[in-house]
Every structure is written in C-alpha cells, then in structure tokens.
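Below is one structure, written out as structure tokens, with a few remarks after it.
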Amino acid sequence: MHIYDSVKKQKLPFEPITPSKASIYVCGPTVYDDAHLGHARSSLSFDLLARILKALRYDVTMVKNFTDIDDKIIKKVQESKQSLEEITTYYIARYLEDMRALGVQESDIEPKATESLEAMESMIQALIDRDIAYVTDDGDVYFDVSKDEKYGSISKMVGDDEDNQSRVEHTSQKRNPKDFALWKACHGDEDICFDTNFSKGRPGWHIECSAMIEKHFTGNNQYSIDIHGGGADLLFPHHENEASQSRCATGHELAKYWMHNGFVNINGEKMSKSLGNSFFVKDALNIYDGEILRNYLISIHYRNDFNFNEEDLLNSKKRLDKLYRLKKRITPTKASKPNIAFQKAIMEAMGDDLNISVALATIEDMISATNDKFDENPKDKGLKKETLANIEFLDEILGIGGKEPFSYFQIGIDEDTKNKIELLIKQRDEAKKAKDYTASDAIRDKLTAMGIATMDTADGTVWEKI
RNA sequence: GGAGCCAUCGCCAAGUUGGUAAGGCCGUAGAUUGCAAAUCUGCUAUUCACCAGUUCGAGUCUGGUUGGCUCCUCCA
C-alpha cells in the first residue's frame, strides 16, 4: 500500500507504527448544519482508504470526530432557542443518515468534543505547566507558537509576520499574532461554559482534535496515530496547530502520515455559504440514488478538485449501469471466488494511493470481457458464479454493485407504474409473437415516452428506467 | 504581499524511478436484432498550454511565459 503524504509531498509506502494495524483519525464535521457534498467527499475518500486497508488485512481503527462545541453552533443556539445538545444531536443523526445513504462504513469511534473535555483540559494544563501556553487576563489560553521550533513543519507556512498581509485579526492579548486559542473564556452568563482550573470557558477548535486523538489512540513513542486525514483546507492552520500542540504536550509527532482530500466545486465555483451554492447531500439524495452519487463522488481521485455537475454524474452513472446490466445477466446465481487476476489488478490500483481511475478501467475490462463470453455462452455457470464474486468484491472494496440488479434499474418507480409497465411489455410481447410490429413498436414508443427503455433478450424482454 | 497546486482527445480522466499517450462518455463503421435497445468488434490525440534547456530519448526533469485554482479568516 502506498499513500501520498501531503506533508512530505510524496507517495510513501504505508508502514504502520504497529505492524498490521492502521490507526486513522479524520476530522469530521462541525455539526451546526446539514452535510454538504464536501463532507461527503471527505467521508468517502477515507471510507475507501479504510476499505482497502481492511482488505489488505490491516486491523483498522477509524476515528471520525464530531465538533459539537463551536462558535457557529453557539450562534445557532442563541438564534434558535434550542439547546446545544438538541442541535448537535439532530445534526449528528442527519450526518450519519446521509453518509449511510452514500454507503460510508461507520467509523469505529465517533467521539464528540463535549465528551472529551477532560482530555482537553489536561492537555491544555500540561502546555501551561510547561510554559508553552499562557493564560491572559481575560482567562483565554493561547498557545505560544514561538515555543515550538517545529511550528510550520506541517504546512510549510513560514511566516515572517512583517511581510504577512494575512487577514488574521490580531488580538491585543496575544503575544504573537500566530498564537492561537486553546481555550476561550466565557464572557456572558448565557455563554456555554465549562469549568476548568484556568477559567470557565470552552475549547478552541484545534485542541479538540488533538485531545480526542490522545484519548482514543495509544500510539508509540514516535507517533500517536498512523494517518491523519481531512479536507485540504484544514492543512493550515488547523492541522499545523494540532500537530504543534500535540508535539509540545506529548513529546512526539501526532501522525506518521497526513492525507488531504480535494474540494468539491459546483459548476466550477467553490462551494460556500457566501456564494449561496452549498449543495447539501440530502438535496442531492432527493434527486439521485445514494449509490449513484457515491459512484460519482469516488470516480475522481480524492486529491483532485471535484467539479460537481450533472453531465459528469450521468456519465459515471452509465458506467455503473453497465456493471448492473452484467449483474442482470448472471442473476440468479451463487458466488464462487473472484477472478484472481481481476482482484489483484483492483487491489494494485487502489493500493497505489487509491488510484480509482485505473481501478475503474479494470472494471470496464472485466465487464466487456465477461459480456463477450456470455454472448458466446449465456449459460456458463462457472463464469456466472465467478462474475458474481467479482461484483461482490467490488461492493466490498468500492461500495458499489451491491444492489439487486433489477431493482437498481427501477429506482424511483412505484408499484402502480411498475405494474403498468409490465402489462405493456406483456402486450408488446404478444404483438411481437403475432408479428404485429406496428402494434409492438407503438407500445415501445409509449414506454419510451414514459422514460422506460426495453431490451429484448433470449430470456424475454427486460426494461430499465432511462 | 507570503505559501502551494494544476494545465493530457469535443467532455471526464490515468500515466511507478524519463523510453516512445489507459479507460469512460460522445461520435462513427460493422456484427447481432423484424426494427430498436442492450451486448460485442473496429475507428477516433505522431501528441500532452507555450518557449527554451538537460538527455540517445521528456507528458514525465530544469528554467521561463501564459492561463486556471487553493491556502494565509470559519471551512471537508
């Protein structure tokens, strides 16, 4: 297995800190709104990673957190009259529901920041004790960036502050503009506060992840975890800060490998609230089936930017259709063992930093070669069993092809319509038998108008929703 | 201002350590079909934004030009 380390900027062989085990921590969402396509892509990227590692027999521990204390959530609490817990519980459930629809396997641990406050407090306290963090008169706690000589090693953001025209607002209480908050003291009575030795307040964003990693992973004396993942936008400052505070608190590096997934753009524009083009997963799921969306979202390498548009989605759906048409040809049958060469080719592609393009090309190869053989001998039982095993293998590795093939082509069609379609097809078959092609073609036109395509096969007519 | 990424067929998109351009969509010709659809087969970039260099040899390395994009503020 090779993965691209976005800190070292090169593809490296995956050598876990503990042989045959893989510990992964992915920055999850801040739960104050529904999940958008960007969340989906991140989730899907690391879902693929976990699936491959599992198939390679690694004992994978996947942790994806929920940031459930945050200024944006607090703002929502103040606006909505709901409690923080009501809001976060709701959006966590919504997030999990959306990801499930996309076929994302559940993480082993899904920690919440609010459940890890003790770990945060002790980490902050350790940093204060070592004089790496300082408490201001207001009770805020800041991390003193100048105390960590390795600060900047993650993002390579070497900051000469004189020249830095960043738009960071400088707080007067900070010793250094680059210092970041570990703890924010609360000011009003309505604030959401937690009591600690240093002040009443709430944690900064960065410390949440560091603390949750220390809480859930043991690591070794060099690293806490193998892989730390997240969106490309988190590299700086979030991951830089995480790495720095963890390094200073634990004496070793946070992660051996860093992986970052690219963005999702909508029709060429970055998705953002200010542009008003956020595309929520739930809205996409209203239009497209989860598996079709998944197939589309994983079809482009996780590090590339993803330009979401309907044309490409339909294109990728056509590839999935072909897989399911093949599955129709072999149904019903029982799976035997997947073809070894096929399995190996897929694993090699995906083992190369999740090279999905090569994997998809391998699938196309398999599909056309198998169709070719079935054209010769439609009843090849051995091939049917192997093909089903191949497809089940794809379901395991990529999370596609797991549906019953006839229902796949009938997604979104209700029982009444289905019965109507099947009646028409029966009438058409009778007309065909009587060689009344004018009548049979008229029925086919009617079906086409309904958005239904028909296919005459040796075993009778089958139909698909176009 | 600072840091970094990208540019391959009409569209999407692969391309290990440089060795002579995967795959899909679309298009097109054919096999098959009552006709279609589905399926299969053939064709579809002498060329990788542009210029120069290194090399026996570069899409792949170096320098430059142009054009996109991201981060430096919450962000997946």
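Every chain is numbered from 1 and lettered A, B, ... according to where its sequence line falls, protein lines coming before strand lines. Remember, predicted model here, so these are calculated numbers, not experimental data.
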Can you measure [X] atom [atom1] to [N] atom [atom2] for me and round it to whole angstrom units?
X        : N      : atom1 : atom2 : value
A:Met259 : B:rA76 : CE    : C1'   : 14 Å
A:Glu376 : B:rU39 : CD    : P     : 17 Å
A:Met366 : B:rG23 : CE    : P     : 17 Å
A:Lys318 : B:rG23 : NZ    : C1'   : 16 Å
A:Ile363 : B:rG23 : CD1   : C1'   : 11 Å
A:Asn371 : B:rG24 : CG    : C1'   : 15 Å
A:Asp429 : B:rG34 : CG    : P     : 14 Å
A:Glu348 : B:rA14 : CD    : P     : 19 Å

Nucleotide N/O to protein N/O under 3.5 Å, stretch nucleotides 8-11 of chain B:
none

Considering every strand and a 4.0 Å limit on heavy-atom distances, what is the contact class for [X]: base, sugar-phosphate, or nothing?
X        : answer
A:Asn355 : sugar-phosphate
A:Asp456 : base
A:Gly231 : sugar-phosphate
A:Ser299 : nothing
A:Ser357 : base
A:Val462 : nothing
A:His260 : nothing

Considering only the [atom1] atoms, how many Å lie between [N] and [M], rounded to the nearest integer?
N      : M      : atom1 : value
B:rG59 : B:rU8  : P     : 15 Å
B:rA14 : B:rC9  : C1'   : 13 Å
B:rU17 : B:rU60 : P     : 13 Å
B:rA37 : B:rA31 : C1'   : 15 Å
B:rC11 : B:rG27 : C1'   : 12 Å
B:rG53 : B:rG24 : C1'   : 37 Å
B:rA29 : B:rU65 : P     : 48 Å
B:rC12 : B:rA7  : P     : 13 Å

Checking base pairs now: Watson-Crick or wobble, both atom distances under 3.5 Å. What partners [N]?
N      : value
B:rA31 : B:rU39
B:rA14 : none
B:rC56 : B:rG19
B:rA7  : B:rU66
B:rU47 : none

What's the closest nucleotide to the side chain of [X] if the choices are [options]?
X        : options                : result
A:Ala453 : B:rA22, B:rA76, B:rA37 : B:rA37
A:Met455 : B:rA76, B:rG34, B:rA38 : B:rA38
A:Lys72  : B:rC74, B:rG4, B:rG24  : B:rC74
A:Asp375 : B:rU39, B:rA14, B:rG34 : B:rU39
A:Arg329 : B:rU39, B:rC35, B:rA37 : B:rU39

Are [X] and [Y] ion-paired here, with the side-chain N under 4.0 Å from a carboxylate O?
X        : Y        : value
A:Arg94  : A:Asp34  : yes
A:Arg202 : A:Asp71  : yes
A:Asp395 : A:Lys403 : no

Quick check: are the SG atoms of A:Cys186 and A:Cys193 less than 2.5 Å apart?
yes
Quick one, A:Tyr25 with A:Asp226, criterion side-chain hydrogen bond (donor to acceptor under 3.5 Å, both in side chains). Give me CA distance, side-chain angles, the key distance, then yes/no.
CA-CA 8 Å; A:Tyr25 180 91; A:Asp226 290 307; over 6 Å; no
Less than 3.5 Å between a donor and an acceptor, one on the side chain of A:Arg319 and one on the base of B:rC25, is that the case here?
no
On the side chain of A:His36, is there an atom forming a donor-acceptor pair with the base of B:rA76 - under 3.5 Å, no angle test?
yes
More 5' along RNA chain B: A:Lys11 or A:Leu360, using each one's nearest nucleotide?
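Between the two, 5'-proximity favours A:Lys11.
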With nearest nucleotides of RNA chain B determined for A:Tyr437 and A:Asn309 from heavy-atom distances, which residue corresponds to the more 5′ nucleotide?
A:Asn309
Between [X] and [N], is there a side-chain N or O to OP1/OP2 distance below 4.0 Å?
X        : N      : result
A:Lys178 : B:rC72 : no
A:Lys322 : B:rC25 : yes
A:Arg325 : B:rU39 : yes

Heavy-atom side-chain proximity of A:Leu44 to A:Tyr302 below 4.5 angstrom
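Counting from C-beta outward, A:Leu44 and A:Tyr302 never come under 4.5 Å.
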Do A:Leu48 and A:Met350 make a side-chain contact, defined as non-hydrogen atoms from C-beta onward lying under 4.5 Å apart?
yes
For residues A:Phe180 and A:Tyr142, establish whether the separation of their ring centroids is below 6.0 Å.
no
Taking only N/O atoms, report every protein-nucleotides 66-71 of chain B pair under 3.5 Å with atom names and distance.
from   : atom 1 : to       : atom 2 : distance (Å)
B:rC71 : OP1    : A:Lys270 : NZ     : 2.3

Within 45° of the six-membered ring axis of A:Tyr32 and under 6.0 Å from that ring's centre, is NZ or CZ of A:Lys72 located there?
yes
For A:Phe409, is the NZ or CZ atom of A:Lys328 found under 6.0 angstrom from the centre of its six-membered ring and inside 45 degrees of the ring axis?
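Yes - A:Lys328 lies over the ring of A:Phe409, closer than 6.0 Å to its centre and within 45° of its axis.
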So which of A:Asp375, A:Thr387, A:Asp459, A:Thr370 actually passes side chain to side chain donor-acceptor pair (under 3.5 Å) with A:Arg329?
A:Asp375
With a 3.5 Å cut-off and no angle check, do the side chains of A:Asn309 and A:Asp312 form a donor-acceptor pair?
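Checked: A:Asn309/A:Asp312 side chains pair up, N/O donor to acceptor below 3.5 Å.
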Going through the distances and angles, do A:Asp108 and A:Thr61 end up as a side-chain hydrogen bond (donor to acceptor under 3.5 Å, both in side chains)?
CA-CA 6 Å; A:Asp108 299 290; A:Thr61 305; 5.2 Å; no
